[in-house]
Peer 1: 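My questions all concern the structure below.
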Amino acid sequence: MNELSRADHGSSPPVIEIPRTYNAASDLIGRNLQAGRSESVAFIDDAGSCTYWELARRVDRFASGLASLGLRREERVMICMHDTIDWPVAFLGAIKAGIVPVAANTLLVARDYEFMVRDSRARVVFASKPLLAHFTGLVGVVPTLERVVVAGAAAQEAGELMRFEDVLAAGRDSFEGPETTRDEPCFWLYSSGSTGTPKGTVHVHSSLIETAELYARPVLGIRESDRVFSAAKLFFAYGLGNGLSFPMSVGATAILMAERPTPAAVFARLTGANRPTIFYGVPTLFAAMLADPAFPARDALHLRVATSAGEALPAQIGERFRERTGVDILDGIGSTEMLHIFLSNRPGEVRYGTTGMAVPGYELKLLGDSGDPVSDGEVGDLFVKGSTAAAMYWNQREKSRAVFRGEWTHSGDKYVRDADGYYTYSGRSDDMLKVSGQYVSPFEVESALATHPKVLEAAVVGVPDAEQLIKPRAFIVLKNPADACDELAEELRAHVKSQLAPHKYPRWIEFIAELPKTATGKIQRFRLRS
């Protein structure tokens with residue numbers, strides 16, 4: 001294990017000293033073995049569990065087994081697998097071997113996967129059995145791809161393909177690995193690609209533990225006794241911290257779920273034999289859970305904290321969740337580029353409707369259209385500075401230069417800061433509307449609509465009126481689709497007018513069955529605009 005020291009200086013952010021020679025996987029595993037947690041449970045999935053000692057052995061076997069495939073240091077492999085214990089074994093095993101894992105979203109389509117395999121030049125893809133069809137046809141088509149390895153398949157199901165277990169069998173129980181450094185590429189995450197092609201976001205070895213030390217310890221207060229469950233999957237930046245680096249940083253236990261995070265599936269984990277103490281969700285899921293009549297009774301839960309990210313959390317969802325569970329949702333914002341949350345509400349200091357304050361260790365600034373800082377109460381583009389920023393977008397220099405500006409990263413989000421230092425989300429930079437010469441946040445109008453008892457979800461975009469002036473148009477998903485009518489549309493307009501400035505109400509309302517979303521659950525407003 002590489003030595004890493006951490007010191008707190010009062011209310012200042014922790015000073016994290018990471019040696020130049022450093023391997024993220026060796027640290028996350030080694031710190032737990034050295035702390036005497038060999039028999040503590042690291043991960044639980046639907047098939048069983050593994051201790052930190054068992055995890056260490058499997059990671060070493062996988063890391064050394066990769067050599068049998070002819071893989072060399074700094075080459076890429078793609079992981080497109082559902083959340084089981086095999087996922088952290090593959091991810092950490094590759095990192096320990098100095099090989100760069102590319103974590104792929106399991107919810108994409110074939111053309112996205114072909115682009116990502118070509119772009120990353122991955123030599124091997126590790127895919128769960130249900131996802132194999134996306135990749136087997138790429139061997140011999142993508143020049144760099146040499147083989148696809150199937151995970152979660154019995155020998156008779158794999159056919160001629162190598163299985164995940166075969167890689168483990170080819171390895172050995174103890175593996176040292178090459179000397180890597182804190183600043184060299186460690187893993188990639190691809191953006192969702194909701195506009196244009198996905199962007200390969202390159203992160204270095206030091207970033208995983210830094211997100212844990214800057215956010216998980218001081219904000220979440222994560223500790224060894226915690227059991228964590230993330231509805232966001234491990235291939236997301238949010239889920240990777242939630243379900244892997246955060247619990248491993250302190251020796252906690254992570255509960256993994258391979259299936260889609262429906263309310264029923266989430267309720268089963270929240271109330272099951274391994275009831276989690278920390279739950280990580282997203283606003284869309286929290287809304288669906290609260291609308292479900294099977295929402296668990298308070299005494300069936302063991303939660304002490306919940307978090308939300310991915311998009312801003314409407315105040316009424318947070319308030320209703322607290323009423324039902326007695327637990328606050330800590331709404332925050334992170335990004336693939338910054339790896340995890342850098343702006344968040346804190347326990348005991350939650351202000352619903354805001355995204356909280358800067359996480360210690362990160363600096364934030366809001367800039368106006370002129371590039372100058374805006375005053376409190378004014379909308380500005382959010383920039384963040386912190387040590388966990390990605391090194392670059394792979395093979396996309398123009399986009400890298402537009403987003404990574406020296407020490408600062410342009411988030412693409414617009415925010416307003418109040419005098420107390422709390423930030424309120426005002427939408428994406430390209431989603432903001434100028435109505436009657438004034439900025440209108442789609443999220444603000446959506447939040448107002450969501451407070452109506454008949455509304456399940458809402459999305460707002462700007463469309464031109466007869467004079468080609470931009471006005472808000474709302475797309476509404478109702479709890480009961482049969483309620484849709486002109487009278488309800490007028491009622492909703494009046495409802496928004498009663499809460500917001502008059503120019504912000506939606507001029508048009510359209511009732512639809514569901515909102516178009518990316519694979520990460522974010523609303524695709526560009527599809528609504530078209």
Peer 1: Tell me whether Glu75 is salt-bridged to Arg72, with the criterion being a basic N under 4.0 Å from an acidic carboxylate O.
Peer 2: yes

Peer 1: Would you confirm whether Asn32, through its side chain, and Met248, through its main-chain N or O, come within 3.5 Å as a donor-acceptor pair?
Peer 2: yes

Peer 1: Salt bridge check, Asp465 against Arg473: does any charged N sit closer than 4.0 Å to a carboxylate O?
Peer 2: no

Peer 1: Do Leu244 and Trp87 have side-chain heavy atoms sitting under 4.5 Å apart?
Peer 2: yes

Peer 1: Ring centroid separation for Phe126 and Phe62, is it under 6.0 angstrom?
Peer 2: yes

Peer 1: Within a strict 4.5 Å, meaning less than it, do heavy atoms of the Val125 and Arg147 side chains meet?
Peer 2: no

Peer 1: Testing the basics here: between His203 and Met338, what is the closest heavy-atom pair and its distance to 0.1 Å?
Peer 2: CE1-C, 4.3 Å

Peer 1: In terms of side-chain geometry, is the basic nitrogen of Arg525 or Glu446 positioned less than 4.0 Å from the acidic oxygen of its partner?
Peer 2: yes

Peer 1: Under the salt bridge (Lys or Arg N to Asp or Glu O under 4.0 Å) rule, what pairs show up with a residue in residues 358-375, not counting sequence neighbours?
Peer 2: Glu363-Lys385

Peer 1: With distance as the sole test, does Glu349 use its side chain to make a donor-acceptor pair with the main-chain N or O of Arg346 at under 3.5 Å?
Peer 2: no

Peer 1: Please name the pair of heavy atoms, one in Phe475 and one in Leu515, separated by the smallest distance, quoted to 0.1 Å.
Peer 2: O-CD2, 4.0 Å

Peer 1: Ring of Tyr393, cation from Lys399 - is the NZ or CZ under 6.0 Å from the centre and inside 45° of the axis?
Peer 2: no

